[in-house]
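To keep things clear, I will list the structure first and then write my remarks on it.
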Amino acid sequence: MFGFSDKGNLNLITQALKAVGRKMEVIPDPTTVHFHLPRNLSVRIHRDYDDFIAELTSNFPHEKEGILGFYGDCWKIFNSLNSLELKSLEEPIYLFGQFFQKPLECLTLAYYLPQNAGAIARKYIKDPQLLSFIDAECFIVSTVNALQTPMINASMVLCDRHYGGINYPVGGVGGIAKSLAEGLVDHGSDILYKANVKSIILDDGKAVGVRLADGREFFAKTIISNATRWDTFGKLLKGEKLPKEEENFQKVYVKAPSFLSIHMGVKAEVLPPDTDCHHFVLEDNWKNLEEPYGSIFLSIPTILDPSLAPDGRHILHIFTTSSIEDWEGLPPKEYEAKKEEVAAEIIQRLEKKLFPGLSSSITFKEVGTPRTHRRYLARDKGTYGPMPRGTPKGLLGMPFNTTAIDGLYCVGDSCFPGQGVIAVAFSGVMCAHRVAADIGIEKKSRVLDVGLLGILGWLRTLA
């Protein structure tokens with residue numbers, strides 16, 4: 001997980017846990033990911049930045065200057081972000097205050113806001129294979145290539161893996177949600193489980209409450225939707241006229257595909273002793289990077305935390321992009337048969353590329369599809385999140401937390417700054433601050449509010 005370090009301003013999971021009186025023990029991961037790519041290109045993303053640069057330049061010695069130039073720009077952005085107190089960009093008192101305190105850092109971020117990682121990479125790098133590697137770097141963050149990945153998003157991830165590092169919470173990532181929930185309850189909050197929200201209640205155009213599937217209704221001054229914007233405005237506000245801002249969002253962004261996920265238990269001896277925790281596999285053709293089932297993500301958490309599995313066993317979580325259209329309309333038997341068939345093909349590819357004998361070492365296996373993601377995550381088509389229809393203007397088209405519906409806020413990966421653990425946590429921090437200002441906990445200027453929100457709305461139209 002990103003965001004778990006003990007330094008800087010982008011360690012947002014650490015900060016969230018601390019805010020509710022919680023702290024989790026973590027295990028540092030020495031290698032963020034091990035890439036296995038076409039033409040037998042093998043690159044480890046070492047936690048130590050100099051080790052990573054040394055390995056990458058050993059593969060592309062003629063591009064050393066370009067590599068340092070591109071990743072150097074990433075560090076400019078990251079260091080600027082990391083120097084700021086992260087709050088709502090929709091709150092003018094905060095925004096102007098940060099600008100006067102850190103004008104150079106704010107201007108740096110403003111300069112890169114409308115730019116994409118692929119365009120910046122091409123200013124420095126000419127080698128097609130290396131540019132394809134940058135595509136893979138961005139794909140594991142955003143499920144799109146570098147030309148479609150905002151430079152700010154890419155920089156947050158490509159640098160924080162070296163600054164704060166990737167850290168695994170002892171006992172599993174499920175502990176994050178449990179710790180937050182326990183801390184919130186301890187601080188006086190109520191959390192309702194098995195409480196499926198079916199609609200947002202409006203009164204004279206203002207969001208005033210929610211209606212559950214069982215008919216119960218809850219009312220509040222503020223409604224915050226963690227559903228995607230498609231689900232919020234297409235389902236929870238079904239029948240209401242779609243606000244212009246949401247129309248613009250849907251013109252710029254489409255739903256990214258979902259995933260086929262395979263969770264397995266395997267005999268430990270099938271993995272070599274020096275196996276890394278995370279792998280990304282694209283065997284033969286760079287053109288398959290963004291194709292369904294083209295590339296394979298692999299996580300082996302028991303490499304870092306052996307306590308998660310019985311002695312002599314490892315856990316493998318394998319996933320690859322997949323669209324729900326491949327799985328719709330299948331009778332139960334055909335659906336189960338297709339899951340087994342597709343999973344077997346993915347496992348055989350890993351067996352051929354990384355772990356001979358993998359198929360025969362399996363002791364447990366469960367397969368999930370985009371239908372699984374849709375059911376359990378309540379996300380339209382099981383989508384991973386928004387992706388641009390074409391080449392975006394950086395983050396200009398991404399909406400913030402406020403909406404055209406008074407009293408309704410959105411949060412999550414279909415809000416600025418988009419996908420990824422740090423980005424989504426950042427959207428939560430921004431939303432909390434904006435709500436706090438609107439209900440009087442933080443300072444607010446109505447005059448400046450109107451001006452800033454108008455400017456931000458105009459900027460989004462440029463996308």
- Query: Are side-chain heavy atoms of Thr143 and Phe139 found at a separation under 4.5 Å?
  - Reply: yes
- Item | Distance flag, aromatic centroids of Tyr124 and Phe70, threshold under 6.0 Å | no
- Query: Is the closest side-chain heavy-atom distance between Asp305 and Pro301 below 4.5 Å?
  - Reply: no
- Ser80 side chain reached by Leu84 side chain, heavy atoms, under 4.5 Å: no
- Task: Give a yes or no on whether a salt bridge exists between Asp380 and Lys255, defined as a side-chain N under 4.0 angstrom from a carboxylate O.
- Result: yes
- Item | Salt-bridge present (Arg44, Asp276; N to O < 4.0 Å) | yes
- Message: Looking at Glu217, I'd like to know if its CD atom is crowded, meaning that more than 12 non-hydrogen atoms belonging to other residues, nucleotides or ligands lie closer than 6.0 Å.
- Response: yes
- For atom NZ of Lys365, decide whether the heavy atoms of other residues, nucleotides or ligands shown that lie under 6.0 angstrom number more than 12. yes
- Does CZ belonging to Arg375 count more than 12 external heavy atoms closer than 6.0 Å? no
- Message: Quick check: Trp286 with Phe133 (ring centres under 6.0 Å apart)?
- Response: no
- Message: Under a 3.5 Å threshold, yes or no: a donor from one side chain and an acceptor from the other, between Thr228 and Arg379?
- Response: no
- Query: Can you check whether Val141 reaches Val157 side chain to side chain, under 4.5 Å on heavy atoms?
  - Reply: yes
- Between Leu354 and Pro356, what is the shortest heavy-atom contact and its length? O-CD, 3.5 Å
- Drop me the distance from Leu158's CG to Met151's CE, to the nearest 0.5 angstrom. 8.0 Å
- Within the distance-only criterion (no hydrogens, no angle test), does the side chain of Asn82 pair as donor or acceptor with the backbone N or O of Gly8 below 3.5 angstrom? no
- Short side-chain to backbone donor-acceptor contact, Ser179 and Arg22, under 3.5 Å: no
- Return yes if some donor-acceptor pair links the side-chain N/O of Ser414 with the main-chain N/O of Arg229 below 3.5 Å, else return no. yes
- Using modelled atom types only, decide if a donor and an acceptor are shared between the side chain of Arg122 and the backbone of Gly118 within a distance under 3.5 Å. yes
- Query: Is the closest side-chain heavy-atom distance between Leu308 and Tyr168 below 4.5 Å?
  - Reply: yes
- If you measure only the distance, is there a donor-acceptor pair under 3.5 Å linking the side chains of His314 and Thr302? yes
- Given the rule in the side chain to side chain contact (heavy atoms under 4.5 Å, CB included) test, do Lys76 and Tyr112 qualify, once you have shown the distances and angles that lead to the verdict? CA-CA 10 Å; Lys76 288 179 188 176; Tyr112 285 104; 4.2 Å; yes
- Roughly how far, to the nearest 0.5 Å, is the CG atom of Leu408 from the CG atom of Leu237? 6.0 Å
- Query: With distance as the sole test, does Gln419 use its side chain to make a donor-acceptor pair with the main-chain N or O of Pro386 at under 3.5 Å?
  - Reply: yes
- Query: Say you draw a straight line from CG of Leu377 to OH of Tyr384; how long is it, rounded to the nearest 0.5 Å?
  - Reply: 12.0 Å
- Task: Output, in order, the C-alpha distance, side-chain angles, deciding distance and verdict of side-chain hydrogen bond (donor to acceptor under 3.5 Å, both in side chains) for Tyr71 and Glu137.
- Result: CA-CA 12 Å; Tyr71 287 100; Glu137 284 259 71; 2.6 Å; yes
- Task: For the residue pair Ser258 and Thr383, confirm or rule out a side-chain donor-acceptor distance under 3.5 Å.
- Result: no
- Any side-chain heavy atom of Leu180 sitting closer than 4.5 Å to one from Ile176? yes
- Item | Side-chain ion pair, Asp214 and Lys194, N-O less than 4.0 Å | no
- Query: From Phe426 CZ over to Asn9 CG, what is the distance, rounded to the nearest 0.5 angstrom?
  - Reply: 10.0 Å
- If you measure from the Lys or Arg side-chain nitrogens to the Asp or Glu carboxylate oxygens, is any gap between Glu283 and Lys353 under 4.0 Å? no
- Could I get the full list of ring-ring contact (aromatic ring centres under 6.0 Å, His included) partners for His373, not counting sequence neighbours? none
- Item | Flag, side chain of Glu63 to backbone of Asp127, donor-acceptor distance under 3.5 Å | yes
- Item | Any donor-acceptor pair under 3.5 Å from Ser225 side chain to Ala227 backbone | yes
- Message: Under a 3.5 Å distance rule, please check whether Thr363 uses its side chain to pair with a backbone N or O of Gly265 as donor and acceptor.
- Response: yes
- Item | Set of side-chain contact (heavy atoms from CB on, under 4.5 Å) partners for Glu291, sequence neighbours left out | Asn288
- Item | Donor-acceptor side-chain pairing of Ser359 and Glu351 below 3.5 angstrom | yes
- More than 12 heavy atoms from other groups under 6.0 Å of CG on Asp311: no
- Message: More than 12 heavy atoms of other residues, nucleotides or ligands under 6.0 Å from CD of Glu25: yes or no?
- Response: no
- Message: Does any part of the side chain of Val342, heavy atoms only, come nearer than 4.5 Å to the side chain of Tyr293, both counted from C-beta?
- Response: yes
- Message: Pairing donors with acceptors under 3.5 angstrom, does anything connect the side chains of Asn11 and Gln15?
- Response: yes
- Could you tell me which residues satisfy side-chain contact (heavy atoms from CB on, under 4.5 Å) with Ile191, sequence neighbours excluded, listed by chain and number? Ala181, Leu184, Val185, Tyr193
- Query: Looking only at heavy atoms, which two atoms of Ala195 and Arg216 are closest? And how far apart?
  - Reply: CB-NH2, 4.5 Å
- Short side-chain donor-acceptor distance under 3.5 Å, Glu290 and Asn145: yes
- Task: Output yes when a side-chain donor or acceptor of Thr14 lies under 3.5 Å from a complementary backbone atom of Phe4, and no otherwise.
- Result: yes
- Query: Hey, is NZ on Lys381 packed in by over 12 heavy atoms from elsewhere, all under 6.0 Å?
  - Reply: no
- Item | Note: Glu340-Lys338 ion pair, threshold 4.0 Å (strictly below) | no
- Task: Validate the cation-pi geometry between Lys7 and Tyr163: distance from NZ or CZ to the six-membered ring centre under 6.0 Å, angle to the ring axis within 45°.
- Result: yes
- Query: Could Arg371 and Tyr335 be counted as a cation-pi pair, given that NZ or CZ must be under 6.0 Å from the ring centre and within 45° of the axis?
  - Reply: yes
- Between Trp75 and Tyr49, does the ring centre distance come in under 6.0 Å? yes
- Task: Determine, for Arg349 against Asp284, whether the closest basic-nitrogen to carboxylate-oxygen distance falls under 4.0 angstrom.
- Result: no
- Which value, rounded to the nearest 0.5 Å, describes the distance between Cys277 atom SG and Ile300 atom CD1? 7.0 Å
- Do His317 and Phe319 have ring centroids that are under 6.0 Å from one another? yes
- Message: Suppose we call two aromatic rings close when their centres sit under 6.0 Å apart. Are His278 and His34 close by that rule?
- Response: no
- Query: If you draw a 6.0 Å radius around CG in Asn40, do more than 12 non-hydrogen atoms from other residues or ligands fall strictly inside?
  - Reply: no
- Ion pair Arg374/Glu328, N-O distance below 4.0 Å: yes
- Got a second to check how far Leu212's CG is from Asn196's CG, nearest 0.5 Å? 8.0 Å
- Output yes when a side-chain donor or acceptor of Ser142 lies under 3.5 Å from a complementary backbone atom of Thr149, and no otherwise. no
- Message: Consider side-chain contact (heavy atoms from CB on, under 4.5 Å). Of His162, Arg47, Arg161, which one does Thr32 pass it with?
- Response: Arg161
- Message: Under 4.0 Å between a side-chain nitrogen and a carboxylate oxygen: does that hold for Arg313 and Glu269?
- Response: no
- Under 4.5 Å between any side-chain heavy atoms of Leu289 and Phe280, yes or no? yes
